[in-house]
Participant: 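Here it is, the structure in full.
Along the sequence shown, residues carry numbers from 1.
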Amino acid sequence: MSGYGYRAGPADYHKSSGMPNLAFNVRDNVLFKRNEDNVAYEVTSTQLPPMTGGAFTDLRLGRGHIREPHWHPNAWELHVVVAGEAEISVMCPDSPQLVNYRAKEGQVVFVPAGWWHWITPVSEKVHLHAFFNHGQPETVHGSDILRLTPPEVLQNAYNVNAALAGKAFAPITESVRIGPPVSVQNDPGKPANPANPGQPYLNDKKKT
């Protein structure tokens with residue numbers, strides 16, 4: 001767990017001597033970055049040791065990019081749109097069902113722990129805050145699953161052509177986090193359309 005800055009259990013700050021540090025500049029800890037318009041900053045219990053039951057991410061995305069599909073095994077996540085508009089897609093593992101929520105400034109979307117989800121900008125730029133109920137939230141990225149799973153396994157499991165699958169996933173050479181991968185040229189003037197316009201839109205009171 002060293003990659004997450006894991007701390008071996010919460011300290012008893014009530015009995016510690018002196019005042020613990022309770023402030024941190026989120027811009028001082030870059031979680032991942034494509035460019036100035038596509039970047040995420042993070043504050044966890046590594047930066048603020050007393051914050052053992054929560055974490056925070058400041059995420060900015062530009063049109064033509066995407067917060068790649070992923071899930072958090074140990075934490076739920078609450079997305080708050082600070083500026084712009086985003087489509088937040090969430091898959092319920094019980095149904096299974098995929099729902100796409102359109103959210104504007106001041107609106108929130110909740111993602112339960114372990115649920116597959118991703119974020120697509122609708123406006124030219126979108127700014128979101130994400131809150132977690134764990135001091136060290138873990139993340140499993142779809143890019144890692146695709147690039148590290150042998151194509152032969154995909155063929156045996158899903159009856160897909162191993163050679164074609166290997167070729168299709170070849171551009172994924174890293175944990176993408178904010179897509180597309182650097183090896184893929186994307187035209188920001190041609191953003192992807194919403195996945196399913198018939199799903200709930202938080203900015204439309206007639207649709208719930």
Side-chain angles (χ1 to χ4, degrees), residues 1-62 65-84 86 88-94 101 103 105-121 125-148 174-179 181:
M1 303 304 298
S2 58
Y4 292 95
Y6 177 71
R7 302 180 66 87
D12 189 344
Y13 293 99
H14 294 288
K15 297 182 180 180
S16 64
S17 60
M19 179 74 172
N21 178 41
L22 302 177
F24 182 79
N25 186 344
V26 67
R27 295 295 185 92
D28 289 341
N29 187 42
V30 178
L31 180 60
F32 45 86
K33 181 177 183 178
R34 286 286 177 217
N35 51 48
E36 293 300 326
D37 293 330
N38 295 276
V39 58
Y41 306 94
E42 183 183 56
V43 180
T44 69
S45 59
T46 299
Q47 290 73 42
L48 294 176
M51 192 172 65
T52 56
F56 168 75
T57 297
D58 182 2
L59 176 64
R60 298 170 188 269
L61 293 172
H65 289 77
I66 185 173
R67 176 67 177 101
E68 72 158 309
H70 63 283
W71 76 83
H72 306 287
N74 66 339
W76 53 249
E77 182 176 9
L78 180 67
H79 296 282
V80 182
V81 179
V82 178
I88 302 174
S89 302
V90 184
M91 190 183 76
C92 172
D94 299 322
Y101 297 97
E105 179 179 342
Q107 297 178 323
V108 303
V109 175
F110 179 77
V111 180
W115 286 33
W116 185 247
H117 61 285
W118 59 92
I119 306 172
T120 307
K125 295 182 180 180
V126 65
H127 182 198
L128 302 99
H129 286 167
F131 299 89
F132 302 86
N133 68 326
H134 197 290
Q136 296 289 333
E138 301 172 349
T139 305
V140 179
H141 291 100
S143 56
D144 292 330
I145 294 174
L146 293 177
R147 71 187 179 92
L148 297 176
E174 61 175 356
S175 299
V176 174
R177 299 185 176 185
I178 292 180

Participant: Who are the ring-ring contact (aromatic ring centres under 6.0 Å, His included) partners of F56, not counting sequence neighbours?
Facilitator: H129, F131
Participant: Please evaluate residues E77 and V109 with respect to the criterion side-chain contact (heavy atoms from CB on, under 4.5 Å), reporting the C-alpha separation (whole Å), side-chain torsions for both, the decisive distance (0.1 Å), and the verdict.
Facilitator: CA-CA 8 Å; E77 182 176 9; V109 175; over 6 Å; no
Participant: Can you give the donor-acceptor pairs under 3.5 Å from side chains of residues 24-31 to other protein atoms, not counting sequence neighbours?
Facilitator:
unit_1: N25; atom_1: OD1; unit_2: R27; atom_2: N; d: 3.0
unit_1: N29; atom_1: ND2; unit_2: E42; atom_2: O; d: 2.8

Participant: Once rounded to the nearest 0.5 Å, what's the spacing between atom CD of Q136 and atom CG of N74?
Facilitator: 9.0 Å
Participant: So, for V126 and A86, which heavy atoms are closest and what is the spacing to 0.1 Å?
Facilitator: CG2-CB, 3.8 Å
Participant: Do H141 and R67 meet the criterion of a side-chain donor-acceptor pair at a distance under 3.5 Å?
Facilitator: yes
Participant: Calculate, to the nearest 0.5 Å, the distance between atoms CZ and CD1 belonging to F32 and I178 respectively.
Facilitator: 5.0 Å
Participant: Write out all pairs satisfying salt bridge (Lys or Arg N to Asp or Glu O under 4.0 Å) with one or both partners inside residues 43-52, taking only residues at least two apart or from two chains.
Facilitator: none
Participant: Could you pull out the closest heavy-atom pair between P73 and A113, with the gap in Å?
Facilitator: O-CB, 4.5 Å
Participant: Judged by atom type as modelled, is there a donor-acceptor pair below 3.5 Å linking the side chain of D58 to the main-chain atoms of A40?
Facilitator: no
Participant: Apply ring-ring contact (aromatic ring centres under 6.0 Å, His included) to F110 and list each qualifying residue two or more places apart in sequence or on a separate chain.
Facilitator: W76
Participant: Which of these, I88, L78, V81, L128, sits in a side-chain contact (heavy atoms from CB on, under 4.5 Å) with V108?
Facilitator: L78
Participant: With sequence neighbours excluded, tell me which residues meet side-chain contact (heavy atoms from CB on, under 4.5 Å) with L148.
Facilitator: D144
Participant: Looking at CD1 of I119 and CG of L59, how far apart are the two atoms once the value is rounded to the nearest 0.5 Å?
Facilitator: 5.5 Å
Participant: Would you say that I145 contacts V140 through its side chain, given a criterion of any heavy-atom pair below 4.5 Å between the two side chains?
Facilitator: yes
Participant: My understanding is that only residues two or more places apart in sequence, or in another chain, count here; which of them pass side chain to side chain donor-acceptor pair (under 3.5 Å) with S143?
Facilitator: E68
Participant: Identify the two heavy atoms, one from R147 and one from S175, that lie closest to each other, and give their separation to 0.1 Å.
Facilitator: NH2-OG, 3.6 Å
Participant: With H117, which residues qualify under ring-ring contact (aromatic ring centres under 6.0 Å, His included), at least two apart?
Facilitator: H70, H72, H79
Participant: Going from CD1 on I66 to CG on L61, what distance comes out if it is rounded to the nearest 0.5 angstrom?
Facilitator: 9.0 Å
Participant: So which atom in W116 and which in G142 form the shortest heavy-atom distance, rounded to 0.1 Å?
Facilitator: CH2-CA, 3.6 Å
Participant: Which residues pass the salt bridge (Lys or Arg N to Asp or Glu O under 4.0 Å) test with R34, not counting sequence neighbours?
Facilitator: E174
Participant: What are the two closest heavy atoms between T44 and P137, and how far apart are they?
Facilitator: CG2-CD, 4.4 Å
Participant: Taking A75's backbone N and O only, do any of them form a donor-acceptor pair with N133's side chain (distance below 3.5 Å, no angle check)?
Facilitator: no
Participant: Looking at residues at least two apart in the chain, or sitting in another chain, which of them share a side chain to side chain donor-acceptor pair (under 3.5 Å) with D37?
Facilitator: K125
Participant: So, for V82 and E105, which heavy atoms are closest and what is the spacing to 0.1 Å?
Facilitator: O-CG, 3.1 Å
